[in-house]
Protein chains: 2
Amino acid sequence: MSSTDAVPTELLKRPKRADALRNYEKVLTAAREAFAEGGEATALEEIARRAGVGIGTLYRNFPNRQALLEALYLGEVEQVCRSAAEFADAEPWDALNGWIGRLVAYIGTKRALAGELQNYLDQDAELFATSRESLWGAGRPLLTRAQEAGAVRRDVTIGELIQLVVGIVKIPSADPEQVDHILRVALDGLRYQA
Amino acid sequence: MSSTDAVPTELLKRPKRADALRNYEKVLTAAREAFAEGGEATALEEIARRAGVGIGTLYRNFPNRQALLEALYLGEVEQVCRSAAEFADAEPWDALNGWIGRLVAYIGTKRALAGELQNYLDQDAELFATSRESLWGAGRPLLTRAQEAGAVRRDVTIGELIQLVVGIVKIPSADPEQVDHILRVALDGLRYQA
DNA sequence: GACAAAACGGAGGGTACCTCCGTATAGTTC
DNA sequence: GAACTATACGGAGGTACCCTCCGTTTTGTC
């Protein structure tokens with residue numbers, strides 16, 4: 001839970017000041033907590049208060065609500081991507097399934113975040129496309145391996161597979177068992193060529 | 001398109017005044033148009049302006065944003081339910097598929113509305129549950145018939161099927177062809193018992 | 001310790017949601 | 001058709017939130 005390297009250092013032209021970095025982290029952490037507790041509609045001023053910074057500081061780091069949500073989102077996606085490596089040694093079908101399980105678990109805890117994000121998608125699809133690419137990159141080897149082993153129909157792309165899973169899991173049904181079953185049915189469908 | 005009987009007359013204790021009824025319709029129509037044109041985030045004051053009524057009148061008919069969205073939503077769902085009757089005479093699998101096609105088309109045009117609604121779902125699931133029931137009631141005979149004909153695996157419920165379709169179609173992908181393909185893969189999965 | 005660049009924080013402008021209540025209108029009764 | 005009452009109208013204004021702007025403070029450097 002120690003979050004030291006959570007800053008996307010790739011594009012920082014010059015090093016930030018130490019206090020600025022601290023505040024950036026504090027806002028991100030407060031936002032994570034606040035969205036989890038109080039729902040996706042939590043006021044940004046409340047988040048600034050929790051973080052112990054002024055509203056101006058929040059907005060300097062994240063020009064608008066969407067930017068803050070995206071920053072959270074990107075961090076989470078990165079985690080899922082990294083988890084793909086864990087399944088490199090398993091049987092093709094099991095590996096794919098295992099990683100999908102991770103994806104499902106991730107979406108389950110962050111459903112509110114995902115929902116809010118969908119509202120902003122049309123406005124700024126750029127950053128979202130980037131993260132989608134990395135998610136695809138992480139999952140594609142698993143899918144390809146499963147297809148080459150004959151465990152999955154070959155006309156499915158990794159993008160389709162992920163969207164299928166995301167679409168199902170994001171369903172606002174009260175019953176998680178039902179969602180599980182739907183997912184299982186859909187994944188069964190992957191195994192047979194039409 | 002003539003909308004005369006769109007008022008849910010079931011629960012009206014005493015007849016509304018004629019002008020009140022007129023305004024109710026005007027607001028609903030304006031809201032439909034405004035949400036279609038300007039997106040789900042259109043201000044309610046803009047809708048009142050379009051309808052040619054005061055904001056107070058809008059709020060008397062629909063106590064809050066959610067109520068207005070729900071009223072629109074219910075009307076649309078009813079339409080999809082009615083369309084199920086059209087497929088009573090087709091082959092079992094084709095009938096089911098045909099109706100699903102309707103469902104897809106409906107969601108496609110109303111994606112924004114569906115998205116906005118999802119935000120409010122947790123707050124007031126009551127009315128939503130009612131409309132879900134009627135959607136299930138409309139689709140269940142088609143599914144049952146397909147199952148009895150051996151065309152669809154028997155462990156799938158109508159609720160699961162609908163949620164599967166909704167989940168997939170609501171995916172915010174830019175490419176409709178891809179969504180179609182995902183849907184086809186998922187529906188293929190329905191035919192085989194695991 | 002002095003100085004410039006960087007960052008801070010919160011007052012305040014703008015907008016949207018929703019409420020409240022004085023005014024206007026529909027429907028009824030004679 | 002005039003008088004009357006219940007019903008409905010409309011928009012001013014309170015509240016909350018988003019975001020900007022700028023005077024003040026802090027950091028890092030020489």
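Hydrogens, waters and symmetry mates are skipped; everything else that's a heavy atom, side chains included, is used. Below, read A as the first sequence line, B as the second, and so on, with proteins coming before strands; counting in each chain starts at 1.
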Exercise for the section: Output yes when at least one side-chain N/O atom of Asn23(B) is less than 4.0 Å from OP1 or OP2 of dC9(D), else no. Expected result: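 Yes, within the criterion.
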Handout entry: Below 4.0 Å: OP1/OP2 of dA8(D) and any side-chain N or O of Thr57(B)
Key =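 The answer is no; no side-chain N or O of Thr57(B) sits under 4.0 Å from OP1 or OP2.
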Check nucleotides 19-23 of chain D against the protein and report each pair of N or O atoms closer than 3.5 Å, with its distance, or say if there are none.
| unit_1 | atom_1 | unit_2 | atom_2 | d |
| --- | --- | --- | --- | --- |
| dC19(D) | OP2 | Tyr59(A) | OH | 3.1 |
| dC19(D) | OP2 | Arg65(A) | N | 3.2 |
| dC19(D) | N4 | Glu45(A) | OE2 | 3.0 |

Considering only nitrogen or oxygen atoms on both sides, find all protein atoms under 3.5 Å from nucleotides 24-27 of chain C and state each distance.
| unit_1 | atom_1 | unit_2 | atom_2 | d |
| --- | --- | --- | --- | --- |
| dT25(C) | O2 | Arg17(B) | NH1 | 3.1 |
| dT25(C) | O2 | Arg17(B) | NH2 | 3.3 |
| dA26(C) | O4' | Arg17(B) | NE | 3.3 |
| dG27(C) | OP1 | Ala18(B) | N | 3.1 |

Sub-4.5 Å side-chain heavy-atom contact between [X] and [Y]:
{"X": "Glu160(A)", "Y": "Leu164(A)", "value": "no"}
{"X": "Leu68(A)", "Y": "Leu28(A)", "value": "yes"}
{"X": "Thr57(A)", "Y": "Lys26(A)", "value": "no"}
{"X": "Thr157(A)", "Y": "Gln178(B)", "value": "yes"}

Handout entry: Qualifying salt bridge (Lys or Arg N to Asp or Glu O under 4.0 Å) pairs with a residue from residues 50-60 of chain B, counting only residues at least two apart or across chains
Key =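 Qualifying pairs: Glu33(B)-Arg50(B), Glu37(B)-Arg50(B), Glu46(B)-Arg50(B).
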Could you give the [atom1]-to-[atom2] distance, from [X] to [N], as a whole number of Å?
{"X": "Asn61(B)", "N": "dC18(C)", "atom1": "CG", "atom2": "C1'", "answer": "15 Å"}
{"X": "Phe62(B)", "N": "dA8(D)", "atom1": "CZ", "atom2": "P", "answer": "14 Å"}
{"X": "Leu68(A)", "N": "dC17(D)", "atom1": "CG", "atom2": "P", "answer": "16 Å"}

Exercise for the section: Given side chain to side chain contact (heavy atoms under 4.5 Å, CB included), test Arg184(A) with Asp155(B) step by step and report yes or no. Expected result: CA-CA 11 Å; Arg184(A) 239 176 300 134; Asp155(B) 66 337; over 6 Å; no
Handout entry: Spacing of CG belonging to Asn64(A) relative to CG belonging to Leu58(A), to within rounding of 0.5 Å
Key =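 Answer rounded to 0.5 Å: 10.5 Å.
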Problem - Relative orientation of the end axes in the helix from dG1(C)-dC30(D) to dC30(C)-dG1(D), expressed as an angle to the nearest 10° (five pairs per end) - result: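 Its terminal axes enclose an angle near 10°.
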Exercise for the section: Identify which one of Ile162(A), Leu161(A), Val77(A) satisfies the side-chain contact (heavy atoms from CB on, under 4.5 Å) criterion when paired with Leu103(A). Expected result: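 In the set Ile162(A), Leu161(A), Val77(A), the residue that makes a side-chain contact (heavy atoms from CB on, under 4.5 Å) with Leu103(A) is Ile162(A).
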Would you mind writing out the side-chain donor-acceptor pairs for residues 81-92 of chain A within the sub-3.5 Å range, not counting sequence neighbours?
| unit_1 | atom_1 | unit_2 | atom_2 | d |
| --- | --- | --- | --- | --- |
| Arg82(A) | NH1 | Glu78(A) | OE2 | 3.4 |
| Ser83(A) | OG | Val80(A) | O | 2.7 |
| Glu86(A) | OE1 | Arg102(A) | NH1 | 3.1 |
| Glu86(A) | OE1 | Arg102(A) | NH2 | 2.9 |
| Glu86(A) | OE2 | Arg102(A) | NH1 | 3.2 |

Exercise for the section: Determine which pairs satisfy ring-ring contact (aromatic ring centres under 6.0 Å, His included) with at least one residue from residues 43-64 of chain B, sequence neighbours left out, and list them in order. Expected result: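 Qualifying pairs: Tyr24(B)-Phe62(B).
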Exercise for the section: Please answer whether the main-chain N or O of Gln147(A) pairs with a side-chain N or O of Arg154(A) as donor and acceptor at a distance below 3.5 Å. Expected result: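 Answer holds: yes.
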